[in-house]
Participant: 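Would you mind keeping the following structure in view while I ask a few things?
By convention here, the first residue in the shown sequence is residue 1. Counting starts at 1 for both ligands and their atoms, in listed order.
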Amino acid sequence: MNGREQWSGRLGFILATLGSAVGLGNIWRFSYVAGENGGGAFLLVYIGAVLAVGLPLLLAELAMGRAAQGDVTRAFAHPAPRNPLRHVGLLAVAGSILILSYYSVIAGWTLRYLATYAGDLAAGRPAADAAADFAGFIADPLAPLAWHVAFMLLTILVTAGGIRRGIESANRVIMPLLGLTVIGLAAYALSLPGAGAGVAFLLMPDWSALGEPRVYLAALGQAFFSLGLAMGVLATYGGYLARGHRLPGAAVAITFGDVLFALVAGLAIFPAVFAFGMAPEQGPALAFVVLPEVFARMPAGVLFGFAFFALLALAALTSAISLLEVAVAWAMGLGLRRRTAVAGVGTLVLLLGIPSALSFGVLADVTLDGRGLLDAIDHMVSDYLLPIAGFGIAVIAGWLWRRDEALAEVELGPRLGRLWRLAVRYLAPAVIALILLRSLGLA
Ligand code: TRP
């Protein structure tokens, strides 16, 4: 022991890691990406991507982190300390900061909606006209920025508490609450007349979508984002896990839990959307315009809205904590105290988030590739940054890590171990490369 912080045990580690995985990606992002990419057909491709590429890489990241017992730069340098590919660790530190900067802006929106619904609930008012409300809010020069700051302060507060007393304790309370809330919301949505069309949309494949390359790109990007792969979160959290806790079961629980959560959230969202005759394909505004309109029409809609945005905000918080911890652990590895590291990195994220926070208001005219700033950054992250870093991690774990050491660290028997290595060595790099080339227009 070198005095580094550690999880209290395997359960605390699993809850915290699941908390990182389950976030806006499962609710806000999954629902509109599935909507844009063919519903049921997307789901099929998505589950394939998670099992074939996501799970093996998740296990690889966790194993490298635990083997190194250090931050992400140590984890990715562990298999081959002198190979230049180790710098993927620094890419992950920078990338996690970038992701958090816009993630926190969306999370700030959820806080604002939570506050509005709480007010409506207390005053016994019906919800206001949703589309106008949303348009007015995100175009405001100040409000989105203020809520981004509020959300980051919450994130900073928890992370400053440290691994056990901050991060683990928060997840021990929030994760069971999230499970109960999403199940309750799905049960209510499924009981609405006309809910069946929403279930069919989510579960019935439209085979023609399988011929479209963009569906595969979207599925892989969503798998990486939702599992929280490639940005060192898993390596960082694995680095706080003592040896002797078995990894494969934990990896399966985290992966399975993350997919299940997105599915149940989908069973809360789409039945409600269809029951009120709305269309599911509305892009990122799905959660903030379509759903509030649904809530405005549904019995007990204000209560539903309050519960839904509480769910979103808390899920986002446990993910944001993990993104912040990547850079915090790295800074602590350079010798900073936790408080100093959290304050420094937190302030950086606060500032970096300003353009995203203003991207629908003051900066609405600034576009990249025809997209607003926040959308453009999100696409850049999921289409390029995550796959590129994921490719690097696959090569490090599959090609640079000595076979016997890697197999001992991932703790799979000889048969599953061989399968894991095939996935990390060949399948993951091949699939990622193919999809990257396509999205660059080269294949
Ligand atoms: N997985 C989280 C979500 O679904 C977000 C997240 C956490 C993330 N860590 C990440 C996304 C690392 C990309 C990379 O909302």
Participant: With a 4.0 Å cut-off, would you call Arg165 and Glu5 a salt bridge?
Facilitator: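 Salt bridge between Arg165 and Glu5, a charged N being under 4.0 Å from a carboxylate O: no.
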Participant: For ligand 1, list every N/O pair with the protein closer than 3.5 Å, one pair per line with the distance.
Facilitator:
{"residue": "ligand 1", "atom": "1 (N)", "partner": "Ser20", "partner atom": "O", "Å": "3.2"}
{"residue": "ligand 1", "atom": "1 (N)", "partner": "Ala21", "partner atom": "O", "Å": "3.0"}
{"residue": "ligand 1", "atom": "1 (N)", "partner": "Phe225", "partner atom": "O", "Å": "2.9"}
{"residue": "ligand 1", "atom": "1 (N)", "partner": "Ser226", "partner atom": "O", "Å": "3.0"}
{"residue": "ligand 1", "atom": "4 (O)", "partner": "Ala21", "partner atom": "O", "Å": "2.9"}
{"residue": "ligand 1", "atom": "4 (O)", "partner": "Gly25", "partner atom": "N", "Å": "3.3"}
{"residue": "ligand 1", "atom": "4 (O)", "partner": "Asn26", "partner atom": "OD1", "Å": "3.3"}
{"residue": "ligand 1", "atom": "15 (O)", "partner": "Leu24", "partner atom": "N", "Å": "3.1"}
{"residue": "ligand 1", "atom": "15 (O)", "partner": "Gly25", "partner atom": "N", "Å": "2.7"}
{"residue": "ligand 1", "atom": "15 (O)", "partner": "Tyr103", "partner atom": "OH", "Å": "2.6"}

Participant: Checking side chain to side chain contact (heavy atoms under 4.5 Å, CB included) between Glu325 and each of Val72, Thr155, Thr236, Val158, which is the one that passes?
Facilitator: Thr236
Participant: At their closest point, which heavy atom of Gly38 faces which heavy atom of Ala209, and how far apart are they?
Facilitator: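 Shortest heavy-atom separation between Gly38 and Ala209 comes out as CA-CB, 4.5 Å.
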Participant: Could you pull out all donor-acceptor pairs under 3.5 Å where a side-chain atom in residues 339-351 meets a protein atom, sequence neighbours excluded?
Facilitator:
{"residue": "Thr347", "atom": "OG1", "partner": "Ala343", "partner atom": "O", "Å": "2.5"}

Participant: Check residues 87-94 and write down every donor-acceptor pair under 3.5 Å in which the side-chain atom is one partner and the other belongs to a residue at least two apart or another chain.
Facilitator:
none

Participant: Go through the structure and list residues passing side-chain contact (heavy atoms from CB on, under 4.5 Å) with Ala200, not counting sequence neighbours.
Facilitator: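 Checked Ala200 against side-chain contact (heavy atoms from CB on, under 4.5 Å); matches are Met204.
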